[in-house]
Amino acid sequence: MSRTIKAAFSALLAFCCALAFWEAAARVFILKMPETVKLPGGAPASSGHAVWSYDGFSRTFFSPEGFRSPYSLPPKGASILVIGDSFAAAQQVADHETFPSVAQQILQEKGITTTFYNKGIAGGAPPRYIAYSSNYLLNLDPNLVIVQLGERDFTADYPGNRGEFLTPWNGRQFSVEENPRFNKRLSIISGLPGSKQILSLSMTSIARRIVPVLLGLRKGRPFRRPAKGELPVRTEEYVHWTIKQLKQAYPEMIVVYVPQVDYFNPENPPPKLEDFIEAACAEHGVSLINAREDYLELLRTSGFISHGFANTIPGEGHINKHGHELIGRTLAGVLEERLVKK
Amino acid sequence: MTFISLSYFLLFAATLLFLHFTKKPSIQKAGLLFASSIFYGLWDWRFLGLLFGLTLLTFFCTDQMIKAESTKRKFWLTLQIAGSLGTLAFFKYANFFIDSLSVLLKGAGLQTGALDIILPVGISFIVFEVISYSVDVYRGELKSNPSLLDVSLLVAFFPHLVAGPILKPSHFLPQLQSRITITSSNLSAGLQLFLWGVIKKVLVADRLSGTVDSAFAYPGDFHPLALWIAMFCYGLQIYCDFSGYTDMAIGSAKCMGLEIPRNFRLPYLATNITDFWRRWHISLSQWLRDYLYIPLGGSRLGPGRTYINLLIVMLLGGLWHGAAWSFVLWGGLHGVALMVHKFYQSKVSIKPSMPLMLCSWAATLLFVMLAWVPFRAASWPELTQYLTTLFSYPEPSSIRWFSAAPLYALPFLLIADYGSSCWHQEKRLHLTRFSHQLLFFLLMLSVVALGPSSTSPFIYFQF
């Protein structure tokens with residue numbers, strides 16, 4: 001019996017050591033997913049180099065505040081604030097290849113000095129940009145605000161209840177409300193002794209995403225041929241409401257729309273959603289950059305696709321350096337016009 | 001239920017506890033059969049009837065065979081084989097033949113109907129298992145007369161039920177004659193092999209599946225180099241998927257103190273195609289040799305007949321994998337390669353040297369990988385498009401996407417293959433020692449820390 005107990009203790013110690021090893025590796029390489037914490041302004045809990053297993057593994061540096069660019073750079077020339085989700089945060093894309101950096105470099109070459117504040121953050125969505133507008137603008141008086149939007153902002157995240165905010169429809173209009181269930185999923189575990197320490201482990205965060213998929217309790221994201229999905233009800237109203245609210249929060253705003261592109265069936269017409277966004281931006285006097293045509297042109301001329309990386313599924317997930325460069329070039333053109341006019 | 005699932009871990013733990021606390025062998029076997037029924041029934045409980053129907057047919061026929069005079073034994077064997085193959089033909093090949101017939105008849109302006117038959121999981125493995133048992137009884141290779149419970153377990157023993165390995169009755173049945181004892185050394189050994197299997201499946205096969213799936217879904221759109229990478233990725237994926245499954249099966253059985261023979265022996269190190277088939281899916285190769293190739297005459301009837309026998313065996317082996325002409329083509333390619341190698345061996349005798357071995361290894365690997373293309377292609381147009389693009393110059397709009405997934409997967413393949421091979425050579429971790437425990441947990445947690453965000457089903461489950 002004593003041998004069994006000794007072996008059990010030894011196993012426990014070995015497990016703890018192995019966990020500590022992987023925890024150290026995770027702390028160095030893997031950033032906490034932002035939806036696990038809730039801070040004003042959307043800063044995630046820790047900084048450093050991020051290695052995202054969701055999109056394969058590659059290092060992307062985040063500032064101590066959790067953004068791609070430092071929070072409080074001394075402004076030189078026109079200051080431009082970039083708000084968006086993980087597409088703007090540009091996981092797996094080098095600092096100088098993100099679309100704000102590309103635009104900044106092009107403008108610099110043309111003699112226009114700008115400072116970009118890239119506050120793109122994974123999990124960002126329009127209700128958050130609206131609710132936290134004062135936090136986003138904190139200590140900044142930007143000449144322009146770039147709001148990066150994507151298809152998910154109007155489909156998966158609306159009217160879902162997984163995000164930080166809900167946007168209920170009261171019969172006449174939408175509103176932004178805090179999601180009472182956000183970050184409460186572990187409330188039972190949170191009550192247990194020592195749970196705070198356990199939940200703060202990076203390995204716990206990773207395990208919460210990976211283990212349910214491994215055990216078949218939750219479906220992962222395997223490659224699938226694009227489906228012709230129906231839009232949620234009242235999408236058109238939601239798009240108009242979103243653009244209107246964003247315009248009120250950020251009067252000097254340009255919308256950068258990152259579309260989902262079916263690179264394997266490029267002849268398919270764009271989704272109806274893009275018509276809604278175009279119409280809403282026109283109605284509210286907002287400049288819109290939609291990268292769809294640029295992405296398809298790049299495919300036709302050089303065979304490069306703008307979504308996905310060498311270690312992920314091609315055509316899916318985040319945009320790569322090609323996708324960023326094309327947006328950056330178009331954005332530089334629009335900004336040049338706007339800034340010179342001013 | 002699959003091996004990497006919460007339900008399997010619960011069932012497995014419950015089975016181990018039951019076996020540990022049960023003294024009587026017959027009750028242990030009944031419990032094991034019950035667990036196997038749950039394992040299979042969770043896919044589709046309706047096919048439990050099919051599973052036990054085939055077992056009953058086999059037991060009845062072999063029982064009659066044992067009692068019958070020598071002249072009547074052949075009748076019972078024929079009945080059993082006809083019943084088993086008839087079941088397989090109905091469930092697996094009816095749609096295939098109707099579809100093929102309808103293509104032929106369409107040219108003549110005639111139309112045929114279609115049957116909507118669901119393929120029971122693991123039907124090909126189950127049928128081969130019952131046939132091997134009845135043939136062994138016919139040949140008198142079994143020393144004792146097994147009970148219905150023993151035969152049921154031979155067929156339904158859950159670790160090997162849906163994707164093999166196909167067990168040799170003479171090897172497995174004697175193990176059921178004594179009480180199953182759960183020992184710490186068996187548990188330790190079994191868990192280790194199970195972990196190597198999980199690493200192969202999750203960190204290699206699942207990591208590569210994204211590359212393979214997208215390239216095979218739109219082969220005409222990609223740059224040829226991307227398709228070459230995807231082709232090699234599929235070769236690694238199917239190997240790690242299937243050998244990972246086998247390792248988990250052998251590991252699960254080992255925990256219960258039951259031995260299942262090795263099914264893979266580093267097949268991609270084969271230096272010729274005959275060598276490859278001695279290393280790849282060994283239990284199927286042995287089955288085809290013992291129950292098809294040798295009864296056809298093997299190599300006893302002259303070189304011409306040997307070549308034909310090889311081709312027949314491989315064509316049927318291909319068809320066994322799935323009801324599609326692409327599988328027949330895959331089998332045919334391997335059959336022709338085996339014929340060519342046999343012919344070459346009989347005519348040329350060169351002293352083996354390192355450069356020759358390397359060339360031979362590279363040529364074998366390239367052939368095996370190319371042959372996987374028809375095996376993986378979902379349809380004939382997809383296959384022709386893949387092969388056409390593979391050997392063509394890239395168009396300007398060909399998608400230039402070169403997967404880096406093999407770079408992530410290869411180190412784990414090497415580690416897991418090395419670990420698995422050491423295990424089979426009895427070089428195992430001693431899970432009572434701290435350093436070995438630490439290594440075990442480091443590997444275990446690597447699956448969590450580095451696992452991909454999606455998993456794919458076991459490839460061989462479809463067969």
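Lettering of chains follows the sequences in order, A, B, ..., and the numbering in each one begins at 1.
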Which bit of B:S435 is near chain A, if near means a heavy-atom gap under 4.5 Å: side chain, backbone, both or neither?
neither

Evaluate the side-chain proximity of B:L450 to A:W22: yes if any heavy-atom separation is below 4.5 Å, no if none is.
yes

So for B:S398, is it side chain, backbone, both, or neither that comes closer than 4.5 Å to the heavy atoms of chain A?
backbone

Okay, B:Y8 and chain A: the region with an atom under 4.5 Å from a heavy atom over there is neither

Mind checking whether A:S10 and B:Q437 have side chains closer than 4.5 Å, heavy atoms only?
yes

Can you tell me how far apart CZ (A:R300) and CD (B:E395) are? Round to the nearest 0.5 Å.
15.0 Å

Applying a strict 4.5 Å limit to non-hydrogen atoms, the region of A:L298 in contact with chain B is neither

Tell me, side chain or backbone of B:F222 under 4.5 Å from chain A's heavy atoms, or both, or neither?
side chain

So B:I399 and A:F264, do their side chains get closer than 4.5 Å, heavy atoms only?
yes

Heavy-atom closest contact (B:F441 atom, A:A11 atom, distance)
CE1-O, 3.2 Å

Is it the side chain or the backbone of B:V198 that comes within 4.5 Å of chain A heavy atoms, both, or neither?
neither

I'd like to verify something: which residue of A:C17, A:A7, A:A18 has the highest number of heavy-atom pairs under 4.5 Å with chain B?
A:A18

Note, A:F309 side chain near B:W401 side chain (heavy atom, < 4.5 Å):
no

Distance in Å, A:I305 CD1 paired with B:S397 OG, rounded so as to fall on 0.5 Å steps:
12.5 Å

Bottom line for B:V202: the part with an atom under 4.5 Å from chain A's heavy atoms is side chain

If one checks every heavy atom of A:F21 against chain B at 4.5 Å, the contacting part turns out to be side chain

Heavy atoms only, distances under 4.5 angstrom: which of B:T432, B:L445, B:L438 has the most pairs with chain A? Name it, please.
B:L445

Determine whether more than 12 heavy atoms belonging to other residues, nucleotides or ligands lie under 6.0 Å from atom CZ of B:F391.
yes

So what's closer than 4.5 Å to chain A heavy atoms on B:F434: side chain, backbone, both or neither?
both

Count the heavy atoms belonging to other residues, nucleotides or ligands that lie under 6.0 Å from OH of B:Y418, then report whether that count exceeds 12.
no

